[in-house]
A.B. asks: 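Structure below; questions to follow.
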Amino acid sequence: MSTLFKHFRVHQVFGANTNVGKTLLTTALVRASAQRGKDVFYLKPVSTGPLEDADDYHVNRYTANFKKLIHAECLFRYDEPVSPHLAVRMKANLEGQDVVPPPSDGTFIDSVANRIRTHAKSSLNLAHMYLETAGGVHSPALSGTSQADCYRPLFLPTVLIGDSKLGGISSTISSYESLLLRGYIIDAVILFRDEYYQNAEYLKPYFSERGIFVHTVDSPPERLSDFSENFASTDKYYAAITSVEAEHGVGPVVDHLDICHTKRLEELESMPRRAYDSIWWPFVQHGLVKGEKDVTVIDSAYSDFFSITNKGNISASSSTDSILEPQYDGSASWWTQTLGHAHPSLTLAAAKASGRYGHVMFPQSVHLPALKLAERLVNDGPGKGWASRAFISDNGSTGMEVALKMALRAFTIRQQKDIKEEEKKELGILGLKGSYHGDTIGAMDACEEGVYTCEWHNAKGYWFDPPTVGIKDGEVYITVPGTLSSFPQANDIRADSLAWVYDVENRLQTSLARAYAMYITRALESLEQRGGPKLAALVLEPLLMGAGGMVFVDPLFQRVLIDTVRGRRSGSSSSWSGLPVIFDEVFVGLNRIGMESTGPLLGVYPDISVNAKVLTGGLLPLAVTLASKSIFEAFLGDNKAEALLHGHSYTAHPIGCEVANETLSILDKITTSDEWVAAQESWAKPDGTKSPVWSLWDPNFITAISKLPQVKEVMTLGCVLSIKIKDDASGYTSHSAQTLLQSLNLASQEDGSLSTAPGGAAFGMHFRTLGDVAYFMTSLNTSSAVIRSIEDKIWKTLTSTT
């Protein structure tokens, strides 16, 4: 991941094209830095072509007078003067090897990052480092990946060498935009002066308007055929453009890069105090935030990792240690991250829609991104087989508001002969204790009183205390709460396996299913006899209730509950009966727990469902509320007042829809990938057949963790791992999980060999707790190597406290 050192300034040099003078100008920067008395390191990660033409040799040749200050090197060298990805293949062919895979992007970046760290640690005084890429911004790296993407995990401040020749205006701006789309910090644009094409005259105001420093350098002399004469001419040129007095030399660039480095350090150091003084954080008790030392500054993010400032004072920190360190995003950034941070395909999808549409009004209109998304979700996605319409809104909470409006209207239309007008205002929701559907008032009213509600909250409904699923001491248990009349006290029922628990159809004939049905029926009858709220909809977080404490609900209970309120056991809900059923799949939907939708596993489909979070890969908010035909028809008529008069300014915004379409396309590939297939196979039944549920977390690790003395219960599905700590003061307000696992935040050097953060550095973990529950969540494409590293960190932390 990104590194930043107080006394070691590093800049990466990209070229707008080949033959734009990238090596000439980088050599000049190296020489100018040395003339200022700085130790200078030049790194050419990949070199292709004859040794005598190698860029690191060129640097050494023309900085010989400063050889005590300058160190130039190359990491991967190939003889053929072609693109790096071809050079790798051609070398393999010359050596008679049929297939030699090139170094992976991870191996390549680790090598570069290690060189940066090594040089930083060896430099006691302020030093400069210049890393020169090959070819243009999108020239392939060794693996064939675009350089712009390959180098992105390092997140190094960048110098762009512009093109001064014909066509150079376009290539320079295009290169700048490519880097900008990937989040690079572009500190300077440099190009040669050319009196004929005058590209600089155009590019200077263009970049200046965008706050980018632009500088022109005198063009180099013509190359001479005689080696000695050419050397003398070139050396004279370098002396001229590195002179302090040179108006069009590189000196101002070196000074500007130093200023940029200092400003970045100052900004990072000031951010905690500025944030502490001006921001009201969500879900944070500010009285427990003791000052800026408790504020985490996220400088950038890539893949599954943040780059954060370490907790020490930057001014007082060691000059040889990076101010930035990688931190694993253990909560998937509030359950949104799907493909890792800064995924280039999603960024480009957003840019495409932004450039084509911006935002446009949606009522009675359509644009292609929204149409494709609706058709995909209704016909081939989570709505397949039951939904007929898609209502697109802003986020999960507003998507649930839409769902509640749909359900309540459908119920009142169906019951209009038996329901009085004043009773409509008091209609209630049936659900489960611990439910959470968002922080808007309507979504809060669909839950019982709890820590997330407010003074205006008016809980409307009835909530069952659900039976739960967990792994305790290596065994799978269903915990049935004492509130069920058939069980006077909480009762742990040992299950044969996790696969058996989630085989809902086969469990419908068990005595536990009959006990559930009897309990639910009696409770609803008693509620009606007591004059309780008239229930108008069943609202469920299927299988897993997130904010309520990562509660894995017994799927049989939810299935029996749905069947009971519908008065039937059919899997189809094309024409709903009893109560309309809403699935809040904002958290669990779209493969977060290993399945696109929970309906097929439960054996029943909802009348309305809501998807968000995973939907846009974590890039920006969007939600879709799917509805069956009968729900939609409840709003049909000739009177506009009977329509679904609900919407948001950014309803179905094209950028969100385009990103969602791209996310779903990528998910189609991930869900059939080798990593997923291998994980599913590791959770197979003893006879080798496929289990209905599985996890990216290793089953042996789950079993081992569940046997630790301080662990009450463990559970996992898909990307989610939940660890409940033994604590008498259980619940959301408990600090037990945070206290027990707080050392996970630290990037321990001792386990560096296990670390697989991009760049190879030891990493800490950012994770959130729900009282006595610590949960960890991967992206859907997190590698098994990273997950194994995290498992090892969790294991070491928990076993060190026993």
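Positions are given from 1 along the sequence. Keep in mind that what you see is a predicted model, and the values were worked out from it rather than measured.
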A.B. asks: May I ask you to check whether Phe207 and Phe213 place their ring centers less than 6.0 Å from one another?
C.D. replies: no
A.B. asks: Name the residue from Glu73, Arg115, His71 that meets the side-chain contact (heavy atoms from CB on, under 4.5 Å) definition with Phe41.
C.D. replies: His71
A.B. asks: Taking the six-membered ring of Phe66 as reference, does the NZ or CZ atom of Lys38 fall below 6.0 Å from its centre and within a 45° cone about the axis?
C.D. replies: no
A.B. asks: Evaluate whether atom OH of Tyr202 has more than 12 neighbouring non-hydrogen atoms of other residues, nucleotides or ligands under 6.0 angstrom away.
C.D. replies: no
A.B. asks: So Tyr238 and Tyr62, would you call those rings parallel, tilted or perpendicular, with 30° and 60° as cut-offs?
C.D. replies: tilted
A.B. asks: Checking side-chain polar atoms at under 3.5 Å, does Thr172 have a donor or acceptor matched by the opposite partner on Asp163?
C.D. replies: no
A.B. asks: Any Lys/Arg nitrogen of Arg768 or Asp329 sitting under 4.0 Å from an Asp/Glu carboxylate oxygen of the other?
C.D. replies: no
A.B. asks: What is the ring orientation for Tyr328 with Phe763, classed by angle as parallel under 30°, tilted 30 to 60°, or perpendicular over 60°?
C.D. replies: tilted
A.B. asks: Hey, what do you get for NZ (Lys67) to CG (Leu69), rounding to the nearest 0.5 Å?
C.D. replies: 12.0 Å
A.B. asks: So, Asn745 versus His766: side-chain donor-acceptor pair below 3.5 Å or not?
C.D. replies: no
A.B. asks: Under 4.0 Å between a side-chain nitrogen and a carboxylate oxygen: does that hold for Arg77 and Asp56?
C.D. replies: yes
A.B. asks: If we count only N and O atoms by modelled type, under 3.5 Å, do the side chains of Asp258 and His128 hold a donor and an acceptor together?
C.D. replies: yes
A.B. asks: Are the side chain of Glu132 and the backbone of Thr26 linked by a donor-acceptor contact shorter than 3.5 Å?
C.D. replies: no
A.B. asks: Whether Arg788 and Asp792 form a salt bridge (side-chain N of Lys/Arg under 4.0 Å from carboxylate O of Asp/Glu) is what I want to check.
C.D. replies: no
A.B. asks: Does a donor on one side chain and an acceptor on the other come within less than 3.5 Å for Ser779 and Asp304?
C.D. replies: yes
A.B. asks: Would you check if there is a donor-acceptor pair between the side chains of Ser164 and Asn199 at a distance under 3.5 Å?
C.D. replies: no
A.B. asks: How about Ser178 and Tyr184: does a side-chain donor come under 3.5 Å of a side-chain acceptor?
C.D. replies: no
A.B. asks: Would you call Arg193 and Asp218 a salt bridge, using N to O less than 4.0 angstrom?
C.D. replies: yes
A.B. asks: Is it true that Asp321 and Lys6 have a side-chain N and a carboxylate O under 4.0 angstrom from each other?
C.D. replies: no
A.B. asks: Quick one: which residue pairs count as a side chain to side chain donor-acceptor pair (under 3.5 Å) with a foot in residues 203-217, not counting sequence neighbours?
C.D. replies: Thr216-His248
